[in-house]
Novice: 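The structure under discussion is supplied below as structure tokens; questions concerning it will follow.
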Amino acid sequence: MALSKVWVLAESSDGTVAPITLEMLAAARGLADAVECVYGGDGAEVAETVGAHGASRVLATGPLEGKLKGPHLAAAMVQAIQGGDAPDLIMVGTTYDGRDVAGRLSVKLDKPVVTNNTAVEVDGDTVVVSEPIFGGTQIVKTRFTAGPPALAVFRPKSFVAEESGGGPAEVAAVSVPDVGAAGAAKVLERHVEEHSGPKLDEAAVVVSGGRGLGEAAKFQIIEDLAKALKGAPGASRAIVDAGWVPYSYQVGQTGKVVKPDVYLAAGISGATQHMVGMKGSKNIVAINKDPEAPIFGIADLGIVGDVHKVLPKLLEALQAKA
Amino acid sequence: MNVVVCVKQIPDPADPGALEEDHTLKRDGKLILDESDSYGVEMALQLADAAGGGDVTLVSMAPNNETSGLRTALAMGAAKAVLVSDDALSGAGALDTAKVLAAAIKRVEGADLILAATESSDGYTGTVPEQIAAVLDLPSVTFAKHVEVADGTVKVQRQTESGFDECEAPLPALVSVTAGVVEPRYPSFKGIMAAKSKPVDQVTVADLGLDPSAVGWAGAGQEIVDVSPAPERQAGEVIEDEGDAHQKIVEFLDGLKVL
């Protein structure tokens with residue numbers, strides 16, 4: 001039995017619809033008769049793309065400039081739901097704004113929110129979601145029993161985005177009620193960090209470094225290798241916490257989920273925290289001096305050796321081939 | 001300025017995790033302060049210091065009146081703690097946790113700022129801070145990588161997909177901080193000794209004015225229907241570097257046609 005309606009929280013940056021939105025739309029189409037998007041912004045920005053991926057309608061708040069989306073978008077959604085436009089399931093991506101919206105929505109609807117999901121199914125008339133725990137070694141399935149709407153947050157790359165051949169989605173305005181003190185936080189200025197090369201979570205090759213590099217200055221070779229392989233550099237939580245590289249480099253449970261064709265882990269032992277963010281990679285190469293490092297348990301090619309010896313020679317060989 | 005820090009006491013992440021029969025996480029061993037929370041504690045201490053004084057109060061929810069993780073944060077310099085411990089909370093999800101912590105925060109008089117980690121290292125739902133803000137009807141800025149307070153306003157650099165946003169909110173407000181926002185101090189010997197006698201206000205769900213039958217499994221609105229092993233990834237070839245391992249990697253990459 002299918003659901004009647006699913007809402008997918010749509011997000012975009014610089015005019016491009018976020019990959020996670022399109023991934024969730026692909027999953028939503030298999031669950032419900034009607035798939036709609038909710039968007040905190042001008043609906044025209046996303047209508048064509050989400051329509052091509054199966055959304056029939058975009059419920060849009062209009063521009064929310066200078067505001068943090070969480071409280072405002074959640075309030076608009078609650079108002080629409082209370083006005084009779086309730087979906088059976090609301091799908092939200094694991095993003096900065098997505099988690100804010102899901103958190104506010106959960107309280108305002110007094111419904112549980114289940115996060116970190118990688119799969120969703122309909123069982124009878126209930127929604128069941130799957131979440132990996134313990135570093136992805138176990139899968140927990142959770143059924144929503146509190147009645148609709150079910151509120152679930154999904155990890156990136158859980159589904160494969162696919163066009164449906166649909167035309168542009170119809171844009172419907174939803175109004176944003178005054179949320180008082182809860183909405184008093186403001187965005188004063190946006191800073192976009194310059195970076196060249198592909199994005200970490202979209203790159204075909206990811207080269208990541210960890211504590212085994214020894215010191216911050218040694219991370220440069222990770223950047224160089226990533227560049228030589230036309231990939232993106234990544235990092236373990238240990239060296240992000242140590243301040244060697246920015247948080248945006250972090251791969252793992254608390255960072256980005258990556259599924260590149262090749263993941264090269266250098267000086268990373270393989271804490272569960274890290275593995276949950278990269279074990280979906282098609283091929284894994286690991287270099288670590290400890291033969292007992294857990295990362296070797298999931299590597300297709302494991303090198304027991306000193307990163308300070310292997311990496312410079314690897315870089316040289318790659319540059320010679322180019 | 002008075003700062004409240006939400007902290008979680010978790011099983012040591014170095015130990016393999018296990019589930020109870022009812023699918024809740026096994027928490028009957030010694031619990032430690034979640035490392036993610038040490039950043040919030042340090043941030044709170046620095047902000048109170050910069051403001052010329054004020055108390056840093058911890059709030060936590062844990063089974064069996066567990067305080068060992070709280071003592072670590074008290075040893076860092078927090079003044080006191082509120083601990084909610086109640087069998088009724090077994091099976092509590094993120095929403096229940098937020099309701100309980102919000103009620104505990106209300107017991108702390110004159111809280112100007114509430115800090116939390118972005119997510120815990122064991123449950124990692126990542127929604128509790130925003131849910132607490134929603135329950136308390138406060139403004140919030142999540143994923144902070146830099147925090148300052150001046151003239152009744154908290155200024156935050158908030159992590160985004162493409163960089164960061166410069167944000168601000170009037171106090172009282174809630175801010176969730178990323179790891180690495182500050183360098184957490186190690187408790188001194190003097191701090192550890194002092195922590196033993198710092199007050200921990202131990203309360204139950206009923207003490208907070210919440211209905212015990214509406215929280216935990218009873219009020220979860222969700223049920224676990226299955227826990228099963230994930231498909232395992234097979235290990236491949238592991239070789240010792242004899243000075244030519246880089247060639248092996250190049251061959252491997254060549255075979256995948258990524259070069």
Side-chain angles (χ1 to χ4, degrees), chain A residues 13 70 96 99-100 102-104 106-108 111-116 128 132 134 136-146 181-182 184-193 205 240-241 243 247 253-254 261-262 279 283 285 296-305 310 313-314 317 321, chain B residues 17 93-95 98 118-119 124-127 130-131 133-135 137-143 145 159-170 173 178-180 220-230 233 235-241 245-250 252-253 256 258-259:
Chain A
S13 70
Y96 300 111
R99 290 201 276 193
D100 281 3
R104 292 274 173 181
S106 158
V107 171
K108 295 302 165 196
K111 299 277 186 197
V113 52
V114 181
T115 44
N116 290 306
V128 175
F134 297 147
T137 56
Q138 305 266 310
I139 304 288
V140 174
K141 286 192 174 191
T142 306
R143 182 198 307 278
F144 290 90
T145 57
K186 285 184 286 202
V187 180
L188 304 177
E189 203 181 342
R190 294 186 185 277
H191 294 262
V192 175
E193 277 164 9
V205 177
V240 173
D241 286 5
Y247 182 68
Q253 181 177 294
T254 41
D261 292 336
V262 178
K279 68 193 291 182
N283 297 281
V285 179
F296 289 131
I298 63 162
D300 299 285
L301 174 62
I303 310 288
V304 180
V310 179
K313 283 194 250 179
L314 177 60
K321 274 183 88 79
Chain B
L95 180 57
T118 56
E119 62 191 34
Y124 75 104
T125 63
T127 54
E130 189 72 5
Q131 287 171 304
V135 174
D137 211 19
L138 289 178
S140 62
V141 184
T142 51
F143 297 95
K145 55 178 224 150
Q159 192 77 43
T160 62
E161 305 296 336
S162 54
F164 66 91
D165 285 352
E166 204 82 56
C167 299
E168 68 171 37
T178 57
Q222 50 176 296
E223 63 180 13
I224 297 191
V225 290
D226 184 50
V227 180
S228 53
R233 204 185 159 105
E237 186 187 8
V238 179
I239 58 161
E240 192 99 25
D241 177 32
H246 60 286
Q247 292 295 359
K248 274 292 239 196
I249 299 174
V250 172
F252 183 79
L253 297 177
L256 299 172
V258 295
L259 298 184

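Each chain gets a letter, A, B and so on, in the order its sequence line appears, and its residues count up from 1.
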Novice: Where on B:Ile239 is there a heavy atom nearer than 4.5 Å to chain A: the side chain, the backbone, both, or neither?
Specialist: both

Novice: Identify which part of A:Lys111 has an atom lying under 4.5 Å from any heavy atom of chain B, answering side chain, backbone, both or neither.
Specialist: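 Contact with chain B is through the backbone of A:Lys111 alone.
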
Novice: Measuring heavy-atom distances to chain A, does B:Ala245 have an atom under 4.5 Å in its side chain, in its backbone, in both, or in neither?
Specialist: both

Novice: What part of B:Thr178 gets closer than 4.5 Å to chain A, counting heavy atoms only: side chain, backbone, both or neither?
Specialist: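 For B:Thr178, the side chain is the part near chain A, not the backbone.
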
Novice: Less than 4.5 Å to any heavy atom of chain A: does that hold for the side chain of B:Ala220, its backbone, both, or neither?
Specialist: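 It is the backbone, since no side chain atom gets that close.
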
Novice: May I ask you to check whether over 12 heavy atoms, not counting those of A:Lys141, lie within 6.0 Å of atom NZ?
Specialist: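 No, the 6.0 Å shell around NZ holds no more than 12 heavy atoms from other groups.
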
Novice: Between B:Leu95 and A:Ser106, which heavy-atom pair has the shortest distance, and what is it?
Specialist: CD1-OG, 3.5 Å

Novice: Looking only at heavy atoms, which two atoms of B:Ile249 and A:Leu301 are closest? And how far apart?
Specialist: CA-CD2, 4.0 Å

Novice: Give the minimum heavy-atom separation between A:Gln138 and B:Val227, together with the two atoms involved.
Specialist: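 Closest heavy-atom pair between A:Gln138 and B:Val227: OE1-CG1, 3.5 Å.
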
Novice: Could you tell me whether the side chain of B:Gln131 reaches within less than 4.5 Å of the side chain of A:Val113, counting heavy atoms only?
Specialist: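 Of all side-chain heavy-atom pairs linking B:Gln131 with A:Val113, at least one is under 4.5 Å.
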
Novice: When rounded to the nearest 0.5 angstrom, what is the spacing between CD in B:Glu161 and OH in A:Tyr96?
Specialist: 5.5 Å

Novice: Do A:Arg99 and B:Glu119 come close enough that some side-chain heavy atom pair is under 4.5 Å?
Specialist: yes

Novice: Is a side-chain N or O of A:Arg143 found less than 3.5 angstrom from the main chain of B:Gln222, in a donor-acceptor match?
Specialist: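 No, A:Arg143 side chain to B:Gln222 backbone: no donor-acceptor pair under 3.5 Å.
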
Novice: May I ask you to name which of A:Val187, A:Val304, A:Val262, A:Val128 has the most heavy-atom pairs under 4.5 Å with chain B?
Specialist: A:Val304

Novice: Do you know which of A:Asp100, A:Val310, A:Val240, A:Leu314 has the most heavy-atom pairs with chain B at a distance under 4.5 angstrom?
Specialist: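 Highest number of heavy-atom pairs under 4.5 Å: A:Asp100.
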
Novice: Of the backbone (N, CA, C, O) and the side chain (C-beta and beyond), which part of A:Val285 lies under 4.5 Å from a heavy atom of chain B, both, or neither?
Specialist: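 Interface part for A:Val285: side chain.
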
Novice: Relative to the ring of A:His191, is the ring of B:Phe164 parallel (under 30°), tilted (30 to 60°) or perpendicular (over 60°)?
Specialist: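 Correct class here is parallel.
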
Novice: Spell out, as yes or no, whether a donor-acceptor pair under 3.5 Å connects the side chain of A:Thr145 to the backbone of B:Gly221.
Specialist: yes

Novice: Which bit of A:Thr142 comes within less than 4.5 Å of chain B, counting heavy atoms only: side chain, backbone, both or neither?
Specialist: both

Novice: Please assess B:Tyr124 against A:Thr115 for the test side-chain contact (heavy atoms from CB on, under 4.5 Å), listing each intermediate value before the final yes or no.
Specialist: CA-CA 8 Å; B:Tyr124 75 104; A:Thr115 44; over 6 Å; no

Novice: Which one, A:Asp241, A:Val114, A:Val205, A:Val192, leads in non-hydrogen pairs under 4.5 Å with chain B?
Specialist: A:Asp241

Novice: Can you confirm whether more than 12 heavy atoms, excluding those of A:Lys186, are under 6.0 Å from its NZ atom?
Specialist: no

Novice: Could you look at B:Val225 and say if it's the side chain, the backbone, both or neither that has a heavy atom under 4.5 Å from chain A?
Specialist: both

Novice: Specify the closest pair of heavy atoms between B:Ala134 and A:Arg104, including all atoms of both residues, with the distance to one decimal.
Specialist: CA-NH1, 3.5 Å

Novice: Rounded to the nearest 0.5 Å, how far does CG of A:Asn116 lie from OG1 of B:Thr125?
Specialist: 7.5 Å

Novice: Is it the side chain or the backbone of A:Phe134 that comes within 4.5 Å of chain B heavy atoms, both, or neither?
Specialist: side chain

Novice: Identify the two heavy atoms, one from A:Ala185 and one from B:Pro139, that lie closest to each other, and give their separation to 0.1 Å.
Specialist: N-CB, 3.8 Å

Novice: Please rank A:Glu189, A:Gln253, A:Arg190 by heavy-atom pairs under 4.5 Å with chain B and give me the top one.
Specialist: A:Gln253

Novice: Who are the salt bridge (charged side-chain N to carboxylate O under 4.0 Å, His left out) partners of A:Asp261, not counting sequence neighbours?
Specialist: A:Lys282

Novice: Heavy-atom pairs under 4.5 Å with chain B: which of A:Gly103, A:Ala182, A:Ala184 has the most?
Specialist: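 Most heavy-atom pairs within the cutoff with chain B belong to A:Ala182.
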
Novice: Would you mind checking which part of A:Thr137 comes under 4.5 Å of any heavy atom in chain B, side chain (CB onward), backbone (N, CA, C, O), both or neither?
Specialist: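 Looking at A:Thr137, just its backbone touches chain B.
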
Novice: Identify the heavy atoms of A:Asp300 and B:Arg233 that sit nearest to each other, and give their distance.
Specialist: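 Answer, listing the atom of A:Asp300 first, then B:Arg233: OD2-NH2, 2.8 Å.
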
